[in-house]
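What follows is a set of notes on a single structure, which appears directly below.
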There are 2 protein chains.
Amino acid sequence: MADDERTRGAGRRPTVRDVARAAAVSPATVSNVLTGRRAVAPERAARVLAAVERLGYRPDPLAANLRSTRRAVLGVLVPELANPFFAELVEALERRARAAGWRLLVATSGEDRAEEPRAIEELVTWRPAGLVLVPVDDSFPARPIVERSGLPCVLVDRVPPGCEAFDSVAIDNPGAARAATARLLELGHRRILAVASTLAIANMRERVEGVAAAVTAAGARLDLLEAGAEAEPAAAAIAGKLDRSDPPTAIVALTTTLTLAALRALAETGRRVPADCALLGFDDHAWMQVARPAIAAVRQPIGELARLAFDRLRLRAGAEQPLPPCRVRLACDIAWRESIAGPPAPAPTGPSESPAAPPNRGRLNV
Amino acid sequence: MADDERTRGAGRRPTVRDVARAAAVSPATVSNVLTGRRAVAPERAARVLAAVERLGYRPDPLAANLRSTRRAVLGVLVPELANPFFAELVEALERRARAAGWRLLVATSGEDRAEEPRAIEELVTWRPAGLVLVPVDDSFPARPIVERSGLPCVLVDRVPPGCEAFDSVAIDNPGAARAATARLLELGHRRILAVASTLAIANMRERVEGVAAAVTAAGARLDLLEAGAEAEPAAAAIAGKLDRSDPPTAIVALTTTLTLAALRALAETGRRVPADCALLGFDDHAWMQVARPAIAAVRQPIGELARLAFDRLRLRAGAEQPLPPCRVRLACDIAWRESIAGPPAPAPTGPSESPAAPPNRGRLNV
DNA sequence: TTGAAAGCGCTAACAA
DNA sequence: TTGTTAGCGCTTTCAA
């Protein structure tokens, strides 16, 4: 059925004109019914809808976007999809976008400063309604292109300094790091090693600041390691820190890769977790629950990050006049697990409560 | 500089016409220079290029795609991005696509049969040059839409039966499973548990077949469990199998989630790996190397899968006449790690060589 | 409220 | 080899 209708075009997809003819109205009316941009008399609208149904008409978004200024595509640039955090972020964005009838154009910069502006430039030529962007690092090489494009843009996860004019959505990095570290200090740790990939990325610095704030407040000692993004060299560097005479009794790893590197370094230097050294990571993954010991980790609310970023973009895309920038910072849960315990030798002070996390869900609108 | 040129349009992006005027040629010539579709005299081409540079002209892919039949966009549909295998597949595809000047439109079906056709339908309305598709399962609900669209389509990873007319790229599932199992049998295992998510997905069945073939050939016993895609219930089901009087001494987990579930089940039932039970998973991830014991796993050549899928699609998109379907199956490496050892009690037979993998890289063109 | 007509920016015909 | 013309499928004036 309906095949007689469809063969008419000899394989050609039906267009607005076909629908208009079938419904005995003008193409403009078809458009108005379908986009809802202008009112159409009920009976005519029904005729149009029926014709659409009968012909199996699907509007061509390419043509629609070419003509109109309002598009329903979002450009998304993340450093890499191999990083589960970004993969989950993109998936959450895609889910929300599709639910709202929007599409996603996805690109990756490969954590490469030279690639970022190239990727953004290509994205921009597609004239998306907006951009969701995780910059490579503080240098944010795509910035001039984004600004010149005039497109709405939300920075997610990494918000370089000087980007106060951009919308941004990220977690409360200092807060999460402080809360995590405070717990370690409570348990009696006095030498804490914070492992960052690079301090050239704002969120890394913010996490380090959080750790430092807690450590300083407690009069303990902070060891800071900038270990790079690669697992192997990072593990070696961490092992180096562990092999000193006065090694840390707790490690806070600021990315998943560094958590893995820390685990490797601890194993290689013969440390048991948590007996010899406690470990806490950023970003929670399924394997951390199953690992023995199970690894404690800061849990980022990825779905929430995606939701806020998308809603912001949609709002801005639909807004008539320019909106003031909006900076959202979300609080994080921490999954306390077996990798956390008090320091080994003479447990100096610290209460012996069970390591339950204080409930700190909520939102921090800066 | 060049600003005087750019302000002319009063913020308007320059078009082919602007470039044509600036270079004193026709719009068609500009198009021909930029797309390289027809020859243009060197000096004129140089003039055009100079004008492009001076005006900061960027072609609008929307308009180009609307007019021409050849598009440089690929539609990609995967079940989910939260699964690192698919995330890495998409990343590898994106990398190759971008290198070739193509873009990716990404959608996810959420492993949902109802969502798959919806997602594909939206993808198709964008008129991509081709589709890369990982079906939800054998039911492949998007199939009629894909066929009706007439678009080139490569099935990746999951190739439902009856899809011989489609191009497909996947690993040699039976071969990988057979090789893995053969090694376990060599080590003396006689009761092997294969854990699949669901037998409604072809690659799961193929893996099971591979395990079964090896087990049968060795006269050993195969235990098959269809454990679902969720970690918790799967772990419970696996624990059930382990708690019987005659438990398996080796587990082959057919997905990453099931590998995690198996680990959990083993821990919960007090089994040590590999002393009480050996474990081998499908899909290798960073944490498996760091886990104690390190987890052995079949390594899928994701980059290669992506490369072949993309090249195939590009070939088909550029081809004049229809090409015969091409079914590629790639051999896999196996990362042999600590989670593999002989069975606990009376190690019956089996040579005591070191568990090094036989080199079996290569391609199997079915 | 509706229709006719004019493009959005580009490339494919066709003619020169 | 080049320019002219037309039109991809849609939305948006503008006039009725």
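Values reported hereafter were calculated over all heavy atoms of this structure, with side chains retained and with hydrogens, waters and symmetry mates removed. Nothing here was measured: the structure is a model prediction, and the numbers come from that model. Order of the sequence lines fixes the chain letters, A, B, ..., with proteins taken first and strands second; residue numbering starts at 1 for each chain.
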Should [X] and [Y] count as an ion pair when the cut-off is N to O under 4.0 Å?
X      : Y      : result
B/R98  : B/E94  : yes
A/R143 : A/E147 : yes
B/E122 : B/R118 : no

Rounding to an integer number of Å, can you tell me how far [X] [atom1] sits from [N] [atom2]?
X     : N      : atom1 : atom2 : result
A/R13 : D/dC10 : CZ    : P     : 8 Å
A/L34 : D/dT12 : CG    : P     : 13 Å
A/R37 : D/dC10 : CZ    : P     : 16 Å

Inset, instruction - Pick base, sugar-phosphate or nothing for A/P59, based on heavy-atom distances below 4.0 Å to the nucleic acid. - result: sugar-phosphate
Inset, instruction - Decide salt bridge (charged side-chain N to carboxylate O under 4.0 Å, His left out) for A/E111 and A/R158; before the verdict, give the C-alpha distance in whole Å, the side-chain angles of both, and the deciding distance to 0.1 Å. - result: CA-CA 12 Å; A/E111 299 277 18; A/R158 302 175 180 177; 3.0 Å; yes
Legend entry - C/dT11 phosphate, OP1 or OP2, under 4.0 Å from B/S31 side-chain N/O: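 Affirmative; the distance criterion is met.
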Legend entry - Terminal axes of the helix from C/dT1-D/dA16 to C/dA16-D/dT1 (five pairs each): angle between them, nearest 10 degrees: 40°
Legend entry - Nearest to side-chain heavy atoms of B/V16, which nucleotide of D/dT11, C/dA12, C/dG9: C/dG9
Legend entry - Nucleotide-resolved protein contact map, nucleotides 2-8 of chain C, B/S/- at heavy-atom distance under 4.0 Å: BBB-BBB
Legend entry - Intermediate values then yes/no, salt bridge (charged side-chain N to carboxylate O under 4.0 Å, His left out), B/E91 and B/R95: CA-CA 6 Å; B/E91 171 156 15; B/R95 210 192 303 281; 3.3 Å; yes
Legend entry - Exam field: side chain B/D18 to backbone B/T15, donor-acceptor pair closer than 3.5 Å: yes
Inset, instruction - Kindly say whether B/C326 contributes a backbone atom to a donor-acceptor pair with the side chain of B/D167 at under 3.5 angstrom? - result: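 Checked: pair present.
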Legend entry - From A/L105 atom CG to B/R103 atom CZ, the distance as rounded to the nearest 0.5 Å: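 Rounded to the nearest 0.5 Å, the CG-CZ separation comes to 6.0 Å.
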